[in-house]
**Q** 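To start, I am sharing the structure in question, which I have written as structure tokens.
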There are 2 protein chains.
Amino acid sequence: MTNRKPSQSRSPEAAHEQLYRTLRSRIMYGELPPGESLTLRGLGREFGVSMTPAREAVRRLVAEGALTLSASGRISTPELSSERIEELACLRALLEPELSSRALPRAHAALIERLQLINQSLSEAVNRQDSVGYLRSNLEFHRTLYLRAQAPAMLAMVETVWLQMGPSMRLLYSRLQRREAPRHHRMILAALRAGDEPGLRLAVRADVTRGLRMLAS
Amino acid sequence: MTNRKPSQSRSPEAAHEQLYRTLRSRIMYGELPPGESLTLRGLGREFGVSMTPAREAVRRLVAEGALTLSASGRISTPELSSERIEELACLRALLEPELSSRALPRAHAALIERLQLINQSLSEAVNRQDSVGYLRSNLEFHRTLYLRAQAPAMLAMVETVWLQMGPSMRLLYSRLQRREAPRHHRMILAALRAGDEPGLRLAVRADVTRGLRMLAS
DNA sequence: GCCGGCATTTTGTGATCACAATCAGGGCAT
DNA sequence: ATGCCCTGATTGTGATCACAAAATGCCGGC
């Protein structure tokens, strides 16, 4: 076969970028179980590209802790120890209250309304027993709030934590999927409306550490 | 030329790994100024490898925020806005007290002695007006302490912050290089010896935010 | 029935190439 | 003198290949 390429548009979205985004999304929202193994050729085949872009996307995700390499270079989603999960939960508990606090002064009515909407689809996902949808809506709730903090570096760091927890979260939530709906989320919204910063920090922290408690298994 | 390769030892240290480590070290310790541009072919030439390992190392560093890609894919060290620096300093102020606090119960006499030794070479670097040596010793002081926290994910996150600040730190420290020696470091050591957790957190936070204050320029 | 060793296959690594987009520089017109 | 365009060089991207190491499957021996 010749080296012909159909196109080489550089700026819009490089091939490895799309692969990266798709894979990242799958991992963050728990579509892949912990310990799932991936191959460069397999990913390339699935996305219709060669190994090169697959390698770059994987390398990037490994750097973010979303994938791990075995000693021999095999690629798989991480299987987190409970110490590791505790650590990541602690990171969330440190970072997210700060982000919410920074977002508070900029949280207008339109934002709160949007958060309520997200909360609705979250409830629907709970009713559907759809753990991927649950994770997606839950993280979108947090991300939407934190985007207002105007702190991109901090947000990126939190997203990295979410990403690392992704595969393990699915298991966590698929088990403890009671009707609980977004109790803490309503507390967050109330604190936002009241402009109550300490209450907001507490509510966010409680929401974040709630997930942690169901890992004593 | 044929495709001959002299060796392909996989396990010890892959080529891109060494390139990554060296580059990362250069960036973290401020050996590269902000805005310095790099090329894949240039790096490959310097390290005697092809573009492929250079690409992987660069991709990894970009994922960690140690390098940035321009819209057209050009590689350079980041030029941080002061808002960005403030954010990163805030991250340090959030994470490092937590790490020090976790290290405290495990901080034996041998560790404190080692920290004192590092402090010595830090003072020497100050006298030598050696800002790279200063940065290196300073971060080694912190890293040595935090390693005792047994919190690899948290430590990795802090190191990522250090890495992002690297090129900008050089400028910061080369300007405000008074004889100040490690004042806060001595406070940290005192708190460690006394087993004083609140004091330790405060001392660490003060040491971390000190650098921040000299960026009002 | 189970386990150890051998051959085949799979898989990551690194080199090399074609290509398009961008960048840098000089020369020309105004 | 200054602004603009055009050309050549530089640079990242993706494809393809050779290779070695690890994984897998198979078979025979006990």
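Because only heavy atoms are used, hydrogens play no part in the values below, and waters and symmetry mates are left out as well, while side chains stay in. Everything numeric here is computed off the predicted structure, so don't read it as measured data. Order of the sequence lines sets the chain letters (A, B, ...), proteins ahead of strands, with each chain counted from 1.
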**Q** What stem regions, each of at least 3 consecutive Watson-Crick or G-U pairs below 3.5 Å, can be found for DNA chain D?
**A** C:1-30 with D:1-30

**Q** Roughly how far apart are B:T68 OG1 and B:R74 CZ, rounded to 0.5 Å?
**A** 13.0 Å

**Q** Are the side chain of A:S121 and the backbone of A:I118 linked by a donor-acceptor contact shorter than 3.5 Å?
**A** yes

**Q** Verify the neighbour count for atom CD of B:Q18: are there more than 12 heavy atoms of other residues, nucleotides or ligands below 6.0 Å?
**A**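 Atom CD in B:Q18 is not crowded, with 12 or fewer foreign heavy atoms closer than 6.0 Å.
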
**Q** Out of D:dG14, C:dT11, D:dT13, which nucleotide sits closest to the side chain of B:L40?
**A**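 For the B:L40 side chain, the nearest candidate turns out to be D:dT13.
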
**Q** Once salt bridge (charged side-chain N to carboxylate O under 4.0 Å, His left out) is applied, what residue pairs with a partner in residues 103-128 of chain B remain, sequence neighbours excluded?
**A** B:R128-B:D130

**Q** Can you name the closest pair of heavy atoms from B:P97 and B:R92 and give their distance?
**A** CD-O, 3.6 Å

**Q** If you look at every heavy atom in B:Q164 and B:L80, which pair is closest and at what distance?
**A** O-CD1, 3.4 Å

**Q** Does any residue of residues 44-59 of chain B have a heavy atom under 4.0 Å from DNA chain D, and if so, which ones, in number order?
**A** B:M51, B:R55, B:R59

**Q** Between B:R41 and A:S70, which residue's closest nucleotide on DNA chain D lies nearer the 5′ terminus?
**A**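 On the 5' side of the pair lies B:R41.
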
**Q** Looking only at the side chain of B:R74 (C-beta and beyond, no hydrogens), which of the listed nucleotides C:dT11, C:dG14, D:dT10 gets closest?
**A** D:dT10

**Q** Once you round it to whole Å, what is the distance between P of D:dT13 and CZ of A:R60?
**A**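 Those two atoms, CZ and P, are 11 Å apart.
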
**Q** Verify the contact: side-chain N or O of A:H16 to OP1 or OP2 of D:dG14, cut-off strictly under 4.0 Å; return yes or no.
**A**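 It does, given that an N or O in the side chain of A:H16 lies less than 4.0 Å from OP1 or OP2 of D:dG14.
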
**Q** Please determine if B:E98 and B:R102 form a salt bridge, counting it only when a charged side-chain N lies under 4.0 Å from a carboxylate O.
**A** yes

**Q** Which of these nucleotides, D:dA22, D:dG14, C:dT13, is closest to any side-chain atom of A:S72?
**A**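 Among the listed nucleotides, the one closest to the side chain of A:S72 is D:dA22.
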
**Q** Give one of base, sugar-phosphate or nothing for B:L19, where a contact means two heavy atoms less than 4.0 Å apart.
**A**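 B:L19: no heavy atom of the nucleic acid under 4.0 Å.
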
**Q** I need the CG-P distance between B:L69 and D:dG12, as an integer number of Å.
**A**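 Roughly 9 Å, once rounded to whole Å.
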
**Q** Restricting to non-hydrogen atoms, name the atom on B:L19 and the atom on B:A57 that form the minimum distance, rounded to 0.1 Å.
**A** CD2-CB, 4.0 Å

**Q** For A:G35 versus A:S76, what's the shortest heavy-atom pair and its separation?
**A** O-CB, 4.2 Å

**Q** Answer with base, sugar-phosphate or nothing: what part of the nucleic acid does A:L43 contact at a heavy-atom distance below 4.0 Å?
**A**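 It contacts nothing in the nucleic acid.
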
**Q** For A:I75, answer base if it contacts any base atom (sugar-phosphate contacts may also be present), sugar-phosphate if it contacts only those atoms, and nothing otherwise; contact means non-hydrogen atoms under 4.0 Å.
**A**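 Sugar-phosphate, backbone atoms only, no base.
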
